[in-house]
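Both counts, for ligands and for their atoms, begin at 1 and track the order of listing. Throughout, numbering of the chain's residues begins at 1 and tracks the sequence.
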Amino acid sequence: MNRVAEVKRTTKETDISLSLNLDGNGTSEIDTGIGFFDHMLDGFARHGLFDLKVEVKGDLIVDCHHSIEDTGIVLGEAIKKAVGDKKGMKRFGSCILPMDETLVLCAIDISGRPYLSFDGEFTTDRVGYMDTEMVKEFFYAISYAAGMNLHLKVLSGGNNHHMIEAMFKAFARALDEATLIDPRITDVLSTKGSL
Ligand SMILES: [Mn+2]
C-alpha cells in the first residue's frame, strides 16, 4: 500500500498543488517559479526516494516569501496526511550529510508535536532567486504543518549553495528513515499508544 497525499491550497498570495508518495522512487516534477528552490525540492524527492509533484503559482512579483513559506505548509500537510495513523512507522530518523566542505545534521521525530530547532547562518542574502532567510521559514512551516520535531544544524559550512542543499538532502534522508515501515513495529511506536 502506497502512502500518498494530495494537497491543494489557494490564497490571494499563492496557488499550490502538491502530491507526495512516501513509498515512491525519487521521481519529481517541480515548478515553483524559483529555480534554486526547484533544485532543492528535486534533491529532497530524489534522496528521500519520495515521488513529489509540486506546482506553485505565487506572487513572485512581491518576492519569494509567500511561495516558499506556503509550499512548506502544503508539504507539511501532505506529510501529515500521508503518514496517516503512523502504525508500524519508525517515527525517528536522522542523518549527517556531507557535501564537500559542508556537514549538516538533521534529526526528526514525527511525534505530532511541532518544534523547529534551526542552527545555520548564511553569508549571502540569496542563492539564485531564493532568499537564504527563507530556508528557516520553509522548515518552520513544515515542522508546524506536519506536527514534527525537526532539528537542523550546520556542523561545518562554507558555500551557501552547499549548506542549503545539504539541509534539504539531510532532511530527505531523515524523513525517509522516520517514515519507514518496520515489520517489527506492530502498532504505533509510543508508550502513549498514539502519536
Ligand atoms: Mn546544487
Side-chain angles (χ1 to χ4, degrees), residues 14 16-60 62-76 78-79 93-108 116-143 145-146 148 150-179:
T14 59
I16 300 177
S17 303
L18 183 147
S19 74
L20 172 71
N21 178 0
L22 291 175
D23 303 304
N25 60 18
T27 307
S28 71
E29 219 180 289
I30 318 275
D31 184 8
T32 67
I34 306 157
F36 183 70
F37 189 42
D38 288 356
H39 178 44
M40 294 303 100
L41 292 173
D42 185 33
F44 164 76
R46 179 64 55 102
H47 292 282
L49 300 170
F50 308 123
D51 292 344
L52 180 68
K53 270 191 198 172
V54 186
E55 201 188 339
V56 182
K57 291 190 180 75
D59 57 355
L60 294 176
V62 177
D63 64 10
C64 65
H65 193 112
H66 304 135
S67 292
I68 293 173
E69 182 176 40
D70 293 0
T71 301
I73 293 170
V74 171
L75 180 56
I79 292 167
S94 64
C95 177
I96 296 177
L97 190 126
M99 192 165 179
D100 297 345
E101 83 295 339
T102 291
L103 193 63
V104 167
L105 174 153
C106 180
I108 286 174
L116 175 71
S117 170
F118 186 95
D119 186 0
E121 275 176 32
F122 303 109
T123 52
T124 59
D125 291 339
R126 306 179 107 193
V127 177
Y129 291 99
M130 179 167 170
D131 297 343
T132 50
E133 65 178 3
M134 287 313 299
V135 177
K136 182 179 178 183
E137 301 303 318
F138 175 74
F139 286 111
Y140 179 89
I142 289 182
S143 65
M148 176 194 297
L150 169 57
H151 288 252
L152 271 166
K153 192 179 179 74
V154 177
L155 300 174
S156 59
N159 180 279
N160 287 271
H161 184 127
H162 286 164
M163 288 191 278
I164 298 169
E165 187 164 338
M167 280 185 162
F168 274 76
K169 288 178 177 169
F171 173 63
R173 289 187 62 108
L175 184 66
D176 182 42
E177 184 186 0
T179 56

- Give a yes-or-no answer on whether the side chains of Thr102 and Asn159 include a donor-acceptor pair shorter than 3.5 Å. no
- Going by atom types only, do His65 and Glu137 share a side-chain donor-acceptor pair under 3.5 Å? no
- Query: Around the Mn ion (ligand 1), how many protein N, O or S atoms are closer than 2.8 Å?
  - Reply: 3
- Between Phe139 and Phe168, is the ring centre distance below 6.0 Å? yes
- Message: Measuring only between side-chain heavy atoms, which start at C-beta, is Phe36 closer than 4.5 Å to Tyr129?
- Response: no
- Sequence neighbours excluded, the answer for side chain to side chain contact (heavy atoms under 4.5 Å, CB included) partners of Ser143 is Leu116, Leu150
- Determine, for Lys53 against Glu55, whether the closest basic-nitrogen to carboxylate-oxygen distance falls under 4.0 angstrom. no
